Amino acid sequence: MTKRQKTILIVVGILTGIIAIVFGFGIFAAYQARNAADRMYQAVDHDGNTVNTAAADPFSILLLGIDSGGLGRDDKGRSDTTMIVTINPKKKTTTITSIDRDFLVEIVGKERHDKLNSAYSYGGVQMTIDTLENFLDVPINHYATINLQGLEDLIDAVDGIEVNNKIDFTLDGIHVPKGKVTLDGKKGLAYARMRKDDSTGDMGRQERQREVLTKVVKKLASVNTVKYYTKVLEALGDNVTTDLTWNQMLDIATNYQAALTKIVSIQIGGQGYMINDGYYQIPPYYGTLEASNQLREQLGLADNAVLSLVKDEEQRLYDDSYVEPDAGWDDATRTSNVYFGPYFEGFSSTRPTQESTEGSQSETTTTDTSTSEVYDTETAGNE
């Protein structure tokens, strides 16, 4: 089985706090693969934000994990996991940007500010795309969703994944011990969903989601037997939707393979905040601006000097000029640095430097999938 055959299809899996993105499975049964792709296809309106994958244009894809279709849930659900992936074949780089589901943002088309994950329950994929394009000022060219059952089945399809679990916990009756452990679908789903036992809250959960993503990709890339790909096809079924056509998937397999060997992870950390007894995460000014510009650079777009959200008089933002992020802790008392958007008019285009500030609201790590080395890009040059 050739390397190209192993990357013939992008399969995106996302779920209640987790995403697995799988690049490829063999063409041992082209008809089955084509049929699965056609079943997953659901178009949305991208308002002219289209790309030419045949010409290897850089593009973005929104990954949504929907909290339905598993654990006895059959409602529409919300997007418990949100990631934007950008793939640039010229730079040979892929970025995965994690966005907190509790971010307080304008829900475009609903004329209100609410938690980001409510956009899906209000207006599905379309409203989520419109909301995120407004929030980060980047075009979203494609999307893919996966529900709870899809993620569980996908992990089982590759005979499980091995992780080094840092927290002993039990979720919904599923116990995951601390240390190196191989997770089947049920335990892998719990590992990706767990949040309350993690002191870093949703930030820690997002980190585990990206870990699962990488582990599934590596597992598929390392196997050389068609049984895995048969199971992957069966796992997708009715659990995944995407607007990527079969031909676009073939283009990606041909033109974007090199970009998938270097994955840069970006995480935007906000500030816990209580509004009318409800918990929200407030987006950081510089952290959001920096993440937005990293995505724009990946897509060949010019940097923005100012975060566009400051024009929204109802948008609360976290002043992260000198204050370290709270890493998702539910601390409702730290609200003195939260302001409405117009407060940030005239702010510098770059974050001020202060020796006492060690953290960044937009954290970046790079994974070289050819060596599985993960390092912090902020400190790697100083080692």
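Note that this is a predicted model, so its numbers are computed, not measured.
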For [Y], is there any backbone N or O sitting under 3.5 Å from a side-chain donor or acceptor partner on [X]?
X	Y	value
S292	T288	no
N88	P58	no
D243	H142	no
Q315	L104	yes
E106	H113	no
R296	A302	yes
D320	Y286	yes
T97	I266	no
S349	V306	no
Y122	T128	no

Taking all non-hydrogen atoms of both residues into account, name the closest pair between [X] and [Y] and its distance.
X	Y	value
G270	P284	CA-CD, 4.1 Å
F169	Y191	CZ-CA, 3.8 Å
K262	K92	CB-O, 3.6 Å
M83	S98	CE-OG, 3.8 Å
A56	P89	O-CG, 3.1 Å
L132	L62	CD1-CD1, 3.4 Å

Out of curiosity, [X] [atom1] to [Y] [atom2], how far, rounded to the nearest 0.5 Å?
X	Y	atom1	atom2	answer
D198	I167	CG	CD1	4.0 Å
I275	I282	CD1	CD1	5.0 Å
L64	Y143	CG	OH	9.5 Å
I252	L244	CD1	CG	5.0 Å
I99	N117	CD1	CG	12.5 Å
I140	S60	CD1	OG	6.0 Å

_Candidate pair Y273 and Q281, rule side-chain contact (heavy atoms from CB on, under 4.5 Å), full reasoning_ = CA-CA 6 Å; Y273 197 87; Q281 279 281 318; over 6 Å; no

Would you indicate whether the side-chain heavy atoms of [Y] and [X] approach each other to under 4.5 Å?
X	Y	answer
V85	T94	yes
Y256	T53	yes
P283	L307	no
D168	H175	yes
N134	D312	no
H46	N141	no
I84	T95	no
V310	L317	yes

_Quiz question: by atom type and distance under 3.5 Å, do the side chains of S321 and D319 form a donor-acceptor pair?_
yes

*Q298, Q294, E297 screened by side-chain hydrogen bond (donor to acceptor under 3.5 Å, both in side chains) with T86, the one that passes*: Q298

*With sequence neighbours excluded, tell me which residues meet salt bridge (charged side-chain N to carboxylate O under 4.0 Å, His left out) with E133.*
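Partners of E133 under the salt bridge (charged side-chain N to carboxylate O under 4.0 Å, His left out) test: none.
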
*Do V108 and Y120 share a hydrophobic cluster, counting only Ile, Leu, Val, Met, Phe, Trp and Tyr and linking them when any side-chain heavy atoms are less than 4.5 Å apart?*
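Each belongs to a different hydrophobic cluster.
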
*Going hydrophobic residue to hydrophobic residue with side-chain gaps under 4.5 angstrom, can you get from V105 over to Y343?*
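Yes, one cluster joins them.
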
_For a side-chain contact (heavy atoms from CB on, under 4.5 Å) check, start with the C-alpha distance between F135 and L116, then their side-chain angles and the critical distance, and finish with the verdict._
CA-CA 10 Å; F135 174 52; L116 173 62; 5.7 Å; no

*asked:* Run the side-chain contact (heavy atoms from CB on, under 4.5 Å) test on Y280 and D114 for me, step by step, so that the C-alpha distance in whole Å, both residues' side-chain angles and the decisive distance to 0.1 Å come before the verdict.
replied: CA-CA 9 Å; Y280 297 83; D114 206 335; 4.1 Å; yes

N/O donor to acceptor pairs below 3.5 angstrom from side-chain atoms of residues 176-188, sequence neighbours left out:
from	atom 1	to	atom 2	distance (Å)
D184	OD1	K186	N	3.3
D184	OD1	K187	N	2.9
K186	NZ	E152	OE2	3.3

